[in-house]
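Below, chains carry the letters A, B, ... as their sequence lines are ordered, and counting in each starts from 1. What you see below is based on every heavy atom in this structure, not just the backbone, and it leaves out hydrogens, waters and symmetry mates.
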Protein chains: 2
Amino acid sequence: MHEDSFYGVQARFLIAVDCTILGFIDNEIKLLTFRRKIEPKKGGLSLLGGFMNENENIDQAASRVLKTLTGLDNIYMQQVKAYGNVDRDPGERVISVTYYALINVTDYANSLLPESDLEWISLDRKRELIFDHEQMLDDAILLLRRHAALHPIGFNLLPEKFTLTQLQSLYESIYGETMDKRNFRKKILGMDILERLDEKDKKSSKRGAYYYVFNRQRYESMLDKGFVFTM
Amino acid sequence: MHEDSFYGVQARFLIAVDCTILGFIDNEIKLLTFRRKIEPKKGGLSLLGGFMNENENIDQAASRVLKTLTGLDNIYMQQVKAYGNVDRDPGERVISVTYYALINVTDYANSLLPESDLEWISLDRKRELIFDHEQMLDDAILLLRRHAALHPIGFNLLPEKFTLTQLQSLYESIYGETMDKRNFRKKILGMDILERLDEKDKKSSKRGAYYYVFNRQRYESMLDKGFVFTM
DNA sequence: TCAAAAGTGTTCATTGTACACCCATGT
DNA sequence: ACATGGGTGTACAATGAACACTTTTGA
């Protein structure tokens, strides 16, 4: 049996890519959503998505969707899962491959929002999402938590320089639980992957808090020596 | 714009399901492979796979593929990842969604093997696999390790009753490292999820080793009380 | 001067790790 | 009697968790 005829009789499917795009805004992880412009569920809140093209692989499709809808490029993205329930999209059978993306809102938010139907929503509004997008969000957050516990990916959500208070709020938001300030600082500073700048953030306190930067180079060289990040 | 016409112009794709099927044989995790019967790569070693049908979701497709090729049913399976490189299958563009499956070989191995092109191979032969199946296997093993560290899924690879020595060998094989016998037993027995039977396995020692069974009911009731399995 | 956030160490409990000898039995 | 795998406990180290006060400064 020749492969073309063998493959040929098989069903073919639409493949969508849906992105759980997360940003850290007002000390809280928020989700970037989009008002759907077509039926079914026109006007409903949706993850950012689009269909996969012939000439690209899945990661490329995800990057393209993100770029097209937000203008953002070079974003940290990870595949989460493929969803394929027969009736997950009432319009037509669509298999969706989902990603989560972490974006540094401080630098980009203003440039992307005004001219579009994009909206940052708090995660407790997730029940407004269409189709199985709430499930996708839940799975993405769970995966993010597991990744964030083992890799320094949280920094993708922060500006280049940040305070330890911000960093702690970020982890508290990711895990949905509060942490002890002294223990948090002891742990993160003990890893020796942050560099303190001689500059303070005076926006949120009179005294001012030192800015830190993540030293990725140092982190990577420590990895080679068997260091494991855990947070 | 109506959804049918909108969806209609999009590309459609073949979707395959490929399964990393693992069994515990001769104190070692082995992979069930299949000699490919069609071009391209006819005769090459392959994961067990097949194409998705119109009327089934992805999990169902994976179960069907497993059932069709091995006769096995009710198997523990988890989705790993979707692979979509444009040229991953030289025959034609195919997106593959992969799963890993854990099977209890003791009960089934004899019934499935003789009449087929299936073969259990040691994981160090993985470089013989076709296409991107080696990558799939690697990703599956990594995911299995993460899952096995947090959930009592290893028991799916063992017969109903097993000795602690077997169980330890299983975890050693999953993680690829040896463990201390006393520490291992202290930890697993301390969880209080195993029950010792009044029966010994005399196959591998003169003295005989007690059989144990996994008490799933007890495990699940402990989960409700906040217990977390870690291994 | 006071309100508000920043910064800082110690103690205790829990968990993980290293380590060596006796036991039971079939041959 | 001996070879083979089965079974057991203790001491130390590392890690995680709880906890409260002083500092700085703009208003």
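- Across the protein-nucleic acid pair, B:Leu189 atom CG and C:dT15 atom P stand 16 Å apart, rounded to whole Å.
- The base of C:dT17 sits within donor-acceptor range of the side chain of B:Lys186, with an N or O pair under 3.5 Å.
- If you measure from atom CG of B:Asn183 to atom C1' of D:dG7, you get 14 Å, rounded to the nearest angstrom.
- Taking for each of B:Arg196 and B:Ser204 the nucleotide of DNA chain D with the nearest heavy atom, the 5'-most of the two is the partner of B:Ser204.
- As rounded to whole Å, 12 Å separates atom P of D:dG6 from atom OH of B:Tyr211.
- The 12-atom threshold is exceeded at NZ of A:Lys126, counting heavy atoms of other residues, nucleotides or ligands nearer than 6.0 Å.
- Between A:Arg185 atom CZ and C:dA5 atom P there is a gap of 13 Å when expressed in whole angstrom units.
- Between B:Phe155 and B:Phe214, the ring planes are parallel. Angles under 30° get that label, and only those over 60° would be called perpendicular.
- The base of D:dT24 lies outside donor-acceptor range of the side chain of A:Lys202, with no N or O pair under 3.5 Å.
- The nearest whole Å value for the distance from the NZ atom in A:Lys181 to the P atom in D:dT23 is 14 Å.
- Rounding to whole angstrom units, CZ of residue B:Phe162 and C1' of D:dG6 are separated by 16 Å.
- Residue B:Arg207 has no polar side-chain atom (N or O) positioned under 4.0 Å from OP1 or OP2 of D:dT4.
- Nearest-nucleotide positions on DNA chain C for B:Arg182 and B:Lys187 put B:Lys187 closer to the 5' end.
- Where B:Tyr212 and A:Lys206 meet DNA chain D, the nucleotide closest to each residue was compared, and B:Tyr212 sits on the side nearer the 5' end.
- Using a distance-only test at 3.5 Å, with no hydrogens or angles considered, no donor-acceptor pair links the side chain of A:Tyr211 to the main chain of A:Asp201.
- The main-chain N or O of A:Ala82 is found under 3.5 Å from a side-chain atom of B:Gln79 such that the two form a donor-acceptor pair.
- Projected onto DNA chain C by closest heavy-atom contact, A:Thr165 and B:Gly208 fall at different nucleotides, the more 5' of which corresponds to A:Thr165.
- Note: CG (B:Asp180) to C1' (D:dA11) measures 14 Å, nearest angstrom.
- Between A:Asp201 atom CG and D:dG26 atom C1' there is a gap of 15 Å when expressed in whole angstrom units.
- Using modelled atom types, one side-chain atom of B:Arg145 and one backbone atom of B:Ile174 make a donor-acceptor pair closer than 3.5 Å.
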